[in-house]
Amino acid sequence: MEWPRTVDDAVAMQERLRTQVIATSAPDLRINTVAGLDVGYRSNDSVAGVCVVFDAKTLAVLDEVVVEDTTDFPYIAGLFAFREMPVLLRTLDQVTVAPDLLVADGQGLAHPRRFGLACHLGVHTGIPSIGVAKNPMGTFEQPGHARGSMSDLVMDGDNGDEVVGRALRTQDGVKPVFVSVGHKIDLDRACAEVLRLAPRYRLPETTRRADTLTRQVASSG
DNA sequence: GCGACAG
DNA sequence: ATCTTGTCGC
């Protein structure tokens, strides 16, 4: 499979792959290890990809991988994945603990063509995946004030409004995070996993740890 | 044409 | 994404 270099090819690839997404959980889905993936930027084209694997129950770090790379694809909302996928796949190649779930920094189905970064990662690897974004793509009603409160994330679709994800309050009173399915998991389970990964802070430990590692590299090497 | 627009 | 220490508030 050729990695697209133009906007048209990238859009075509998303349109083709979107049919592969499975938005349900296998009956025997067990999540014991979770990987957080993130990319940091030193300059416009110099990137550092990070993959941190956690024990899903204790949140202990089991493995950390950092890969430095360059990128040529520009940032375009909706085509974000083409900028970050190459380096993230390289980090996954080097991980020694197999993750049962991938947590991407961005959207999954909450995407103009229902195929955000989390879907790319899931479909490419076959590993269940979810997207946790700090900002929404779509509209939502403010969830309740308490941790665990949630509301639908909605986008315009072929049949009118479509529920593409959820606004989830991970701590009392904080701004919600935006959770959407990537692949091989259902939305309820995805939200439950995010809550389990965020016992103390707004963002799940996966993205927090991946994020700090990312800027550690950016400033020191 | 204008504004929106994950990281 | 990135610019970034002390500081305001619970």
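First the proteins, then the strands, lettered A, B, ... as listed; each starts at 1.
- For the pair A:Leu92/A:Leu102, a side-chain contact is recorded, criterion being any heavy-atom separation below 4.5 Å from C-beta on.
- In this structure, the NZ atom of A:Lys175 is 11 Å from the C1' atom of B:dA6, given to the nearest Å.
- In this structure, the CZ atom of A:Arg114 is 15 Å from the P atom of B:dA6, given to the nearest Å.
- Using cut-offs of 30° and 60° for the angle between ring planes, the A:Trp3 and A:Phe82 rings count as tilted.
- The nucleotide whose nearest atom lies closest to any side-chain atom of A:Thr214 is, among C:dT2, B:dG7, B:dC5, C:dT2.
- In this entry the distance linking CD of A:Gln107 with P of B:dG7 reads 7 Å, nearest Å.
- Protein atom CG of A:Asp45 is 18 Å distant from nucleotide atom P of C:dA1, rounded to whole Å.
- In this structure, the CG atom of A:Asn44 is 17 Å from the P atom of B:dG7, given to the nearest Å.
- With rounding to whole Å, A:Tyr41 atom OH is found 9 Å from C:dA1 atom P.
- Separating the CG atom of A:Asp105 from the C1' atom of B:dG7 is a distance of 7 Å, rounded to the nearest angstrom.
- A salt bridge links A:Asp105 and A:Lys134; the closest N-O separation between the charged side-chain nitrogens and carboxylate oxygens is under 4.0 Å.
- For the pair A:Tyr75 and B:dA6, the criterion of a side-chain N or O lying under 4.0 Å from OP1 or OP2 is met.
- Considering only heavy atoms from C-beta on, A:Leu59 comes within 4.5 Å of A:Leu197 through its side chain.
- For A:Asn135, no side-chain nitrogen or oxygen approaches OP1 or OP2 of B:dC5 to under 4.0 Å.
- Between the CG atom of A:Asp211 and the P atom of B:dA6 there is a distance of 17 Å, given to the nearest Å.
- Residue A:Gly78 is in base contact, counting any heavy-atom pair closer than 4.0 Å across all strands shown.
- Using a 4.0 Å heavy-atom distance criterion, A:Leu153 is classed as making no nucleic acid contact.
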